[in-house]
Structure formats: structure tokens, C-alpha cells
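Have a look at the structure below before the remarks.
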2 protein chains.
Amino acid sequence: MTDSPNIAALAAPLADPARARMVLALMDGRARTVGELGAAAGLGKASASEHLAKLTDAGFLKAERQGRHKYLTLASPEVAGLIEAMMALAGRTPARLPQIGPRDPALREARLCYNHLAGALGVRVYRSLSACGYLAHRPGGLDLTPSGRAFCHDFGLTETDLAPARTPLCRDCLDWSERQSHLGGRLGRLLLQRMEALGWLRRRPEGRALIVTPEGRRAIGLAFLPDAEVPKPAA
Amino acid sequence: MTDSPNIAALAAPLADPARARMVLALMDGRARTVGELGAAAGLGKASASEHLAKLTDAGFLKAERQGRHKYLTLASPEVAGLIEAMMALAGRTPARLPQIGPRDPALREARLCYNHLAGALGVRVYRSLSACGYLAHRPGGLDLTPSGRAFCHDFGLTETDLAPARTPLCRDCLDWSERQSHLGGRLGRLLLQRMEALGWLRRRPEGRALIVTPEGRRAIGLAFLPDAEVPKPAA
DNA sequence: TGGATGGTTCGGCTAAGGTCGAACCATGAC
DNA sequence: GTCATGGTTCGACCTTAGCCGAACCATCCA
């Protein structure tokens, strides 16, 4: 009777509004304490603790103790990917309201998705890299081409950054607000870090929205095609 | 306070085991009546009706009346895709049990995913088409190349089959048991239909598993590479 | 050592929702 | 018209689980 994968067990932890808000609050990839997440969800300590225990038991969250604090993060990029995918679908289901995507324009333009860049800017980077032949799309996922590798070097990434490792270098991630892919995986994280180091982007103390600095706006305009054509199938 | 997309509202309908079983029962793309789905979930008429109303309200299912029957199907390929993605993730979360993928080997080899071919065979077809340069992967999705178009003609598909339309011709679908992509979209459906017409595959009256006929096994061995290499990024 | 603070556990309250039988409504068959 | 049947609605029961205050435990600080 129960030979099927337990979708229900996977969905149940997310089915509570308070828990969903907590998970969403972690979508910027940063770690939060129990108290912070409880406050974000409008709960007391007790409820927050129970909810978070449920989420970690279900494998959505990972906990790490530091002194008397307990820091919670999303358990894996796969989890983050599922959440973004659900957001993308949730945005379209409410047939009653045209409320598509985030209201906050800053969130639409550039935001953190777990640990990489998302939003219109993330999609633009992804499309530009694809159009220039820096990313190769294959069935299982995504590869950095040799020319892409060269581009990354010019961009300031090191050999060791791009070395093969256990986790995939490139990864597709469906963008919630744009309904297109942006770049995740280790490379997504590295590019974001580099852009921060270059002063193009800055994180806000709160929230997932990223600040695009004036020089960042200029530099990105030069480095990435504004509305890249998708590579055409070979003739 | 509720400025975030309501993940919870999306997850809640799936969070009940009975409802999850019903949705899973529809993953073969066929339509079922309320009574059939209730029986599949082990429920009475009353409960089945209520659950199914909830699922259709949430946008997961689509209902169509025929006489005194009410036929339910999955609402869209997007929904089917989310379910398969959740199955893929649910298969890995139970850190306690190594229960990966379906127990039924027939289900592993070839099965219906909504309306196209999934399982090891579906992945093989997908990889072979990609390796032969028939499918072009681009950021937003997937395209049929001119040579792929020729292949489809040889395979027995018509011009009108492959004509542009509102719904995408090709679509990635993450395979639950294989953890790789297989081919969805209109082309996925057409290929499956063609394979059935050729007598390569047969549907079972019950369940999602497909029967691979002996001649089908032979023909598929000739038509599709057994373990195709993934196309390498351009040098 | 004592106090402040973050987190967990416990107990009790309450609301939500799943289940079923029974009544009811519609459709189709005779 | 009458009956059988698929589906929905209603009412009652009961379990689940979310919520909080209070007690408790652990850690850090003074």
C-alpha cells in the first residue's frame, strides 16, 4: 500500500504558514538563530523551537550549535531549488489574483537565492554566459566550457576555484520571479562573491534583496549582454 | 506580513497521505473518477470527494464531467513536473532507509510520466537524442534541431506534429528514479504515442509501468544509443 | 557563584481538519 | 415513472497539531 514515495511527508513540513515563512527567511543562504526565525514568523520561543525541530528532522534545515546559539541554514542546494521551484509555481496558481512575483522591485532585480545571484540580474548573467558559449547545456545539467573557464579567470577566479569537486560547479536554478534559469552551484556562489569583492553588489543586513552599486551597474552593463539571445540550435 | 508567496498554500494540499496517493495515481496522465481515486487511496466516497475538491481548488487537478462521472486529471505538465521533482527529493531525504527509487523493476525501466516516457528507457532516449545533436539545450529549455526534426520525420511524425504551438515542443523533466532528465513536452508525448503505434510499448490497464515488447526492445536497441555520452562543451 | 539569556520540554487549551454514515441530488438505464 | 448509481453535502466524532506560559537546562558573563 505504501510503495510510493512519501510526497506527503515531504510536503507536510512546508504546509504550515509559520514554517514556510521560516524557510523563506533562510532563502538568502544566511544562518539564523531560533529566536530570529521565531520573530520572523511571529512566534514565541516554544513554537519556533518545535517548528524548527520539525524542519530539521525532515531534512530541510541543518543546525549547528555555537555556544548557546543554534544556527539554522537550508540543508542543501537541492532544498533551495525545490523551494524556488515551488515559489515559481505558487506565483501562477492563484487564478484569482494577478499577484505575480515579488512586489518589492529591489527583490525582483537582484537577490540572494541560497548562496548565489537571482532575479533579473541573475537571469541576465546566466543568459549572457550561455550566449557567449561559456556555459554548455547537457542533459544532466550544465558545464563550464574552456572559453568560459578563461572568462572566469579574467574575472578573477582562481584555478582552485574551478577545480573539479564533489559538488557540481554549475547548476540550473529556476528563478522564481523571472521564470527562467539563473546560475547556481559553486560557480554561482563564486561569481556572487567576486561581484561583492569588486564592489558591484552589497548585501543588506536584512532580507534577500541585494544592492546594486552605481559602479556595479556600469560594470555589469559592460561585462554581460543586456538581453542575450538564446543560443540557436545548430543548423 | 504575508508578502511572500504562499508556499504553505501550495504544500498543504499535498501534505495529506491520502491526497498524495491520489495525485500519484494520476501521474500516468490518465483520467480517473472520484470513486476510483477514492479506492486507490482507501477512502470512502465522502472523503474522496472532499479531498479531490481541495486538490482541484488548489490547481493541482482538473475536473471534467461526463454524464454522471467526473474525470480528474493532473492540471498541467508543470504540476506533473513538480511532483516528479518532489519524488526525486523525497527518495533521498529518508537518511534512515536506503529505499531509493521504486521497488518495482518494471516501473524503473519504463513508465508513464504524465503523458510521456520516463524511467531508464526514457532517460536513454533523451540522452541518445542529445548525443546525436537532435536536441539543443538552452537556458530557458530545450529545442529540436533541424537534424532532430529530420529524425522525427523518419520516425513517423508529421509536419503538423512538430509545428510551433502555444505549448513547448520539448521540455526537460527530472526523472524520479534515474535522477536525470527525460523528454517531456509535446514531443515527449508524440514519441511515446509513436512507440505505442509501432508496437514497441504497451500500456497496462493499471499502474504507470509500461510493457516493453520484445520487438520494441530490439528496435529501441537499434534506434537509440545504449549509454550515450553527454555532449561535451565546445573546445 | 549568581544572574541573564538562548533554547527545549511539558501541560493544557483550542482550532483545524480528516473520517464516516446518512441524506440528498443528478444522471442514466429500464 | 422507478430504480440504480456516481457524486456532493451535512453532521457528528475524533485525532492531530499549533499555540502559549511555565519550568527547566545549558551557556556565557560578571
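Naming: A, B, ... by sequence-line order, numbering from 1 per chain.
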Donor-acceptor pair under 3.5 Å: do we get one between B/Lys70's side chain and the base of D/dG7? no
Would you please say whether a donor-acceptor pair under 3.5 Å links the side chains of B/Arg19 and B/His51? yes
Please tell me if B/Ser47 has a side-chain N or O lying less than 4.0 Å from either OP1 or OP2 of C/dC20. yes
Can you find a side chain N or O atom of A/Thr33 that sits less than 4.0 Å from OP1 or OP2 on C/dG6? no
Between D/dG18 (P) and A/Leu52 (CG): distance, integer Å: 12 Å
Calculate the interatomic distance between B/Leu43 atom CG and D/dG6 atom C1'; express it in whole Å. 16 Å
Just how far, in rounded Å, is P of C/dT8 from NZ of A/Lys54? 14 Å
Please confirm whether the shortest side-chain N or O distance from B/His69 to OP1 or OP2 of D/dT5 is below 4.0 Å. no
Tell me whether A/Glu196 is salt-bridged to A/Arg202, with the criterion being a basic N under 4.0 Å from an acidic carboxylate O. no
Taken to the nearest whole Å, CD/A/Glu50 to C1'/D/dC20 is 10 Å
Would you say A/Arg208's side chain and A/Leu112's backbone share a donor-acceptor pair under 3.5 angstrom? yes
Which is more 5' along DNA chain D, the nucleotide nearest A/Lys45 or the one nearest A/Ala18? Just name the residue. A/Ala18
Considering only D/dG18, D/dC20, C/dC20, which nucleotide approaches the side chain of B/Ala46 most closely? C/dC20
Please name the pair of heavy atoms, one in B/Ala40 and one in B/Ala25, separated by the smallest distance, quoted to 0.1 Å. CB-CB, 4.5 Å
Distance check needed: D/dT15 C1' versus B/Asp16 CG, whole Å only. 13 Å
I need the CG-C1' distance between B/Asp57 and C/dG17, as an integer number of Å. 15 Å
Value in whole Å for how far the P atom of C/dT8 lies from NE2 of A/His51: 13 Å
Assuming nearest nucleotide by heavy-atom distance, tell me which of A/Val34 and B/Arg19 is located more 5' along DNA chain C. A/Val34
Is the ring pair A/Phe224/A/Phe155 parallel, tilted or perpendicular, if the boundaries are 30 and 60 degrees? perpendicular
Can you check the A/Leu61 CG to C/dG7 P distance for me, whole Å? 14 Å
